[in-house]
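Let me begin by presenting the structure, written as structure tokens, before commenting on it.
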Amino acid sequence: MRYTPLGVDGVHLVEMEPFSDDRGFFARSFDTTGFTEHGMRPEVAQCNVSFNHRAGTVRGLHLSLPGHPESKFIRCTRGAIVDVAVDVRPDSPTYLQHVQVELTAENRHALYLPPHLAHAYQTLTDDTEVLYMVSVPYAPGAETGFRHDDPAFGISWPVPVSMVSDKDMSWPDFDPEANRAAFAGGAPA
Ligand SMILES: Cc1cn([C@H]2C[C@H](O)[C@@H](COP(=O)(O)OP(=O)(O)O[C@H]3O[C@@H](C)C(=O)[C@@H](O)[C@H]3O)O2)c(=O)[nH]c1=O
């Protein structure tokens with residue numbers, strides 16, 4: 001597998017290296033040894049699937065707070081998405097920067113996010129399925145989030161936004177001081 005660090009500290013694009021023959025190909029899609037060698041967390045507590053009816057759907061931005069170190073390994077298994085990771089870790093060298101990567105069923109690229117990044121994606125096609133592994137069990141009390149259109153992040157979504165959950169429309173504005181306090185205390189911002 002190929003591991004390419006991207007513009008936010010700790011985020012990696014992960015590509016398969018297929019062995020092709022007349023039948024098709026074989027490739028690893030997850031490798032604990034490679035993850036460990038590249039400083040990525042290999043633990044998997046859950047593997048989640050989300051299905052989205054409509055192109056333009058946005059899920060996120062979601063993150064877990066310190067005390068609940070949830071890394072994510074994301075792949076699009078049907079259709080296409082743009083995946084976004086925003087660095088809200090106050091002491092990070094890439095604080096407030098974000099990366100945006102197209103993950104499609106066709107390109108089979110995957111994205112690794114270390115814990116405590118704000119994560120979201122937008123579907124680019126109808127009937128899109130996303131498969132992602134997380135390193136710790138779901139803990140709703142440790143989750144917080146931000147709106148996809150929060151001006152603090154300046155995310156440019158590639159297609160018109162068609163659907164967002166009520167939960168994701170309700171996150172408060174990003175407040176750097178509240179965020180720093182949340183990271184210091186491990187409590188929701
Ligand atoms: C994420 C999750 C949700 N749920 C429940 C809570 C709720 O009733 C229902 C739907 O939850 P949500 O609306 O939060 O689902 P969703 O908006 O798809 O949440 C996901 O968004 C993307 C962007 C991420 O980064 C993921 O980590 C996760 O937060 O599923 C679980 O039981 N276990 C889980 O692991």
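In listed order, ligands and their atoms are each counted from 1. What you are looking at is a predicted structure, and each value in this text was computed from that prediction instead of being measured.
Contact annotation for atom 10 (C) of ligand 1: protein absent (non-hydrogen atoms, distance under 4.0 Å). For atom 14 (O) of ligand 1, the protein comes within 4.0 Å by at least one heavy atom. Remark: atom 30 (O) of ligand 1 lies closer than 4.0 Å to no protein heavy atom.
Note on ring orientation: taking the six-membered ring where Trp is involved, the planes of F73 and F30 are tilted (angle from 30° to 60°).
Here is the list of ligand 1 atoms found below 4.0 Å of a heavy atom in E143: 29 (O). The distance from ligand 1 to the heavy atoms of H119 drops below 4.0 Å at these ligand atoms: 22 (C), 23 (C), 24 (C), 25 (O). Near Y132, meaning under 4.0 Å from one of its heavy atoms, ligand 1 places the atoms 20 (C), 26 (C), 27 (O), 28 (C).
A salt bridge links R2 with E15; the closest basic N to acidic carboxylate O contact falls under 4.0 Å. Comment: R180 engages D91 in a salt bridge, judged by a side-chain N to carboxylate O separation of less than 4.0 angstrom. Checked for salt-bridge contact, K167 and E143 meet the test: a charged N lies under 4.0 Å from a carboxylate O.
The closest protein non-hydrogen atom to atom 17 (O) of ligand 1 is H62 CE1, 3.2 Å. Ranking the protein heavy atoms by distance from atom 18 (O) of ligand 1 puts R59 NH1, 2.8 Å first. What sits closest to atom 7 (C) of ligand 1 on the protein, heavy atoms only, is Y138 OH, 4.7 Å. Atom 27 (O) of ligand 1 has K72 NZ, 2.9 Å as its closest protein atom, hydrogens excluded (heavy atom only). The nearest protein atom to atom 12 (P) of ligand 1, hydrogens excluded, is given as K167 NZ, 3.8 Å; this is a heavy-atom distance.
Side-chain N/O atoms of N52 and Y121 include a donor and acceptor closer than 3.5 Å.
Crowding of E17 atom CD: a count of heavy atoms from other residues, nucleotides or ligands under 6.0 Å exceeding 12.
Looking only at distances, no side-chain donor or acceptor of R54 sits under 3.5 Å from a matching main-chain atom of D126.
The shortest N or O to N or O distance between D168 and ligand 1 is not under 3.5 Å.
Ring centroids of F174 and F153 are separated by less than 6.0 Å, placing the two rings close together.
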